[in-house]
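Notes follow the structure.
What you see is a predicted model, and the numbers here were worked out from it, not measured in a lab. For ligands, and for the atoms within them, numbers begin at 1 and follow the listed sequence.
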Amino acid sequence: MPLVTTKEMFKKAYDGGYAIGAFNVNNMEIIQGITEAVDELKSPVILQVSKGARAYANHTYLVKLVEAAVIEHPDIPIALHLDHGDSFELCKSCIDGGFTSVMIDASSKPFEENIALTRQVVEYAHDKGVVVEAELGTLEGVEDEVKVEAGCASYTRPEEVEEFVDKTGCDSLAIAIGTSHGAYKFRPEQCTRNADGILVPPSLRFDVLEECIKRLPGFPIVLHGSSSVPREFVDMINTYGGNMPDAIGIPEDQLRKAAKLAVCKINIDSDIRLAMTGNIRKYFAEHPDHFDPRQYLKPARQAVKDMVARKIVNVLGSDHKI
Ligand code: G3H
Ligand code: 13P
Ligand code: ZN
């Protein structure tokens, strides 16, 4: 089947109490790893491209690689989405260039400006059959060139969501309930220690999520910054020459709970980066004389596939939904 929008996948996910994984793609190995996993587990998927990914790999290369995945996996619904579009021009360029979904992220602007810019993108996108994700509230962490400092993030205000969705006509809404971008989502002092001495981060704000759901019944909610930063990959990186102390993510069981509610799209990027980096470091430590990229990228691609399969089962619940 050709690339799809997220319309039908979100409707089924909402009704079925599961979420669709949105994975950031930057190169062939990541696209192959993700799409092999979703094919084996019969899961729909969103492949998303950030402004930075586009600058790194080039729009045409990424679109053509995704088109190759569509040919190789004809039974899998695949949406191609712009992650964190920051201007009308960037969204327009992706809409005109083959994407089936775009995010306009004007969440750092005042409410009325966020509405106006989102509305402009929605009008252009809907005219071309493309869907739009918007955002209310801000997440901590680094996304593209924007770094939101600790303490400067703000939870979504549920009392604003109805007016925002009504006035913009957006198709899904990203909200801030305590997730954040990157591999350092919490400072150790924000966490408590469990009996095994492991740092446990504060809970996501399910009260904010539930209040948003009440005000937007049937409407798809999106969570950004939803990597779990699995201990095993942080340890692998640190064992083989890396230095990532205190990397902490969102516990998978909390994301699973959100996926059973109205959260239809869960964004995961850092976990894939950690799995690839850990495996590449391990490979070089064990094979110091190797220099063929096909050799060290092979276990990295397998690690992407295993990570996506793990997310489908532990977090998303999207397996066997095709
Ligand atoms: O939220 C941002 C994604 O993790 C993409 O990251 O801007 O480094 O491509 P990037
Ligand atoms: P992570 O950094 O938690 O993987 O979040 C990715 C994301 O939100 C992409 O938009
Ligand atoms: Zn994001």
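Listed by number with element, the atoms of ligand 1 under 4.0 Å from a non-hydrogen atom of D83 are 1 (O), 2 (C), 3 (C). Atoms of ligand 2 found under 4.0 Å from any heavy atom of H224, numbered from 1 in the order shown, are 8 (O), 10 (O). Close approach to H181 involves these atoms of ligand 2, each under 4.0 Å from a residue heavy atom: 2 (O), 5 (O), 6 (C), 7 (C), 8 (O), 10 (O). For ligand 2 and S270, the ligand atoms under 4.0 Å from any heavy atom of the residue are 1 (P), 2 (O), 4 (O). Heavy-atom contacts of N24 reach the following atoms of ligand 1: 3 (C), 5 (C) (cutoff under 4.0 Å). Short contacts between ligand 1 and R273, defined as distances under 4.0 Å to a heavy atom of the residue, involve ligand atoms 5 (C), 6 (O), 8 (O), 9 (O), 10 (P). The ligand atoms of ligand 2 that sit less than 4.0 angstrom from a heavy atom of H84 are 10 (O). Ligand 1 places these atoms under 4.0 Å from at least one heavy atom of H84: 1 (O), 2 (C). Taking every heavy atom of D269 and a limit of under 4.0 angstrom, the matching atoms of ligand 2 come to 4 (O), 6 (C). Within ligand 1, counting atoms from 1 as listed, the ones closer than 4.0 Å to a heavy atom of S50 are 5 (C), 7 (O), 9 (O), 10 (P). Residue D269 approaches ligand 1 through these ligand atoms, each under 4.0 Å from one of its heavy atoms: 3 (C), 4 (O), 5 (C), 6 (O).
Contacts with ligand 2 closer than 4.0 Å are made by no heavy atom of S50, backbone or side chain. Within the 4.0 Å heavy-atom criterion, the part of I268 lying near ligand 2 is the backbone and not the side chain. Heavy atoms of N24 found under 4.0 angstrom from ligand 2 belong exclusively to the side chain.
Not a single N or O atom of D271, backbone or side chain, sits closer than 3.5 Å to an N or O atom of ligand 2. Taking distance alone, with nitrogen or oxygen atoms compared against 3.5 Å, G182 approaches ligand 2 more closely than that limit.
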Checking S93 against R54 for the side-chain hydrogen bond (donor to acceptor under 3.5 Å, both in side chains) test, could you report, in this order, the C-alpha distance in whole Å, the side-chain angles of both residues, the deciding distance, and whether it holds? CA-CA 11 Å; S93 167; R54 228 164 152 253; 2.5 Å; yes

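Hydrophobic clustering of Ile, Leu, Val, Met, Phe, Trp and Tyr side chains at less than 4.5 Å, counting indirect connections, keeps M9 apart from V315.
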Hey, can you pull the donor-acceptor pairs under 3.5 Å for the side chains in residues 261-270, sequence neighbours left out?
residue: K265; atom: NZ; partner: Q48; partner atom: OE1; Å: 3.1
residue: K265; atom: NZ; partner: E133; partner atom: OE1; Å: 2.7
residue: K265; atom: NZ; partner: N267; partner atom: OD1; Å: 2.9
residue: N267; atom: ND2; partner: H224; partner atom: ND1; Å: 3.0
residue: N267; atom: ND2; partner: H224; partner atom: NE2; Å: 3.3
residue: D269; atom: OD1; partner: R273; partner atom: NE; Å: 3.1
residue: D269; atom: OD2; partner: R273; partner atom: NE; Å: 3.2
residue: D269; atom: OD2; partner: R273; partner atom: NH2; Å: 2.8

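Nearest-heavy-atom check against atom 1 (O) of ligand 1 across H224, R54, H181, M103 picks out H181.
Ring planes of Y124 and F88: perpendicular class, angle over 60° (limits at 30 and 60°). Ring geometry, H181 versus H84: the interplanar angle exceeds 60°, so the pair is classed perpendicular (tilted spans 30 to 60°).
At most 12 heavy atoms of other shown residues, nucleotides or ligands fall within 6.0 angstrom of atom NZ in K109.
When all heavy atoms of A176 and T138 are compared, the closest pair comes out as CB-O, 3.7 Å.
The closest approach between K185 and ligand 2 falls below 4.0 Å for a heavy atom of the residue.
For Y296 and H290, the gap between ring centers reaches or exceeds 6.0 Å. Ring to ring, H59 and F99 are close: their centroids are under 6.0 angstrom apart.
Rounding to the nearest 0.5 angstrom, the gap separating the CD1 atom in I95 from the NE2 atom in H126 is 9.0 Å.
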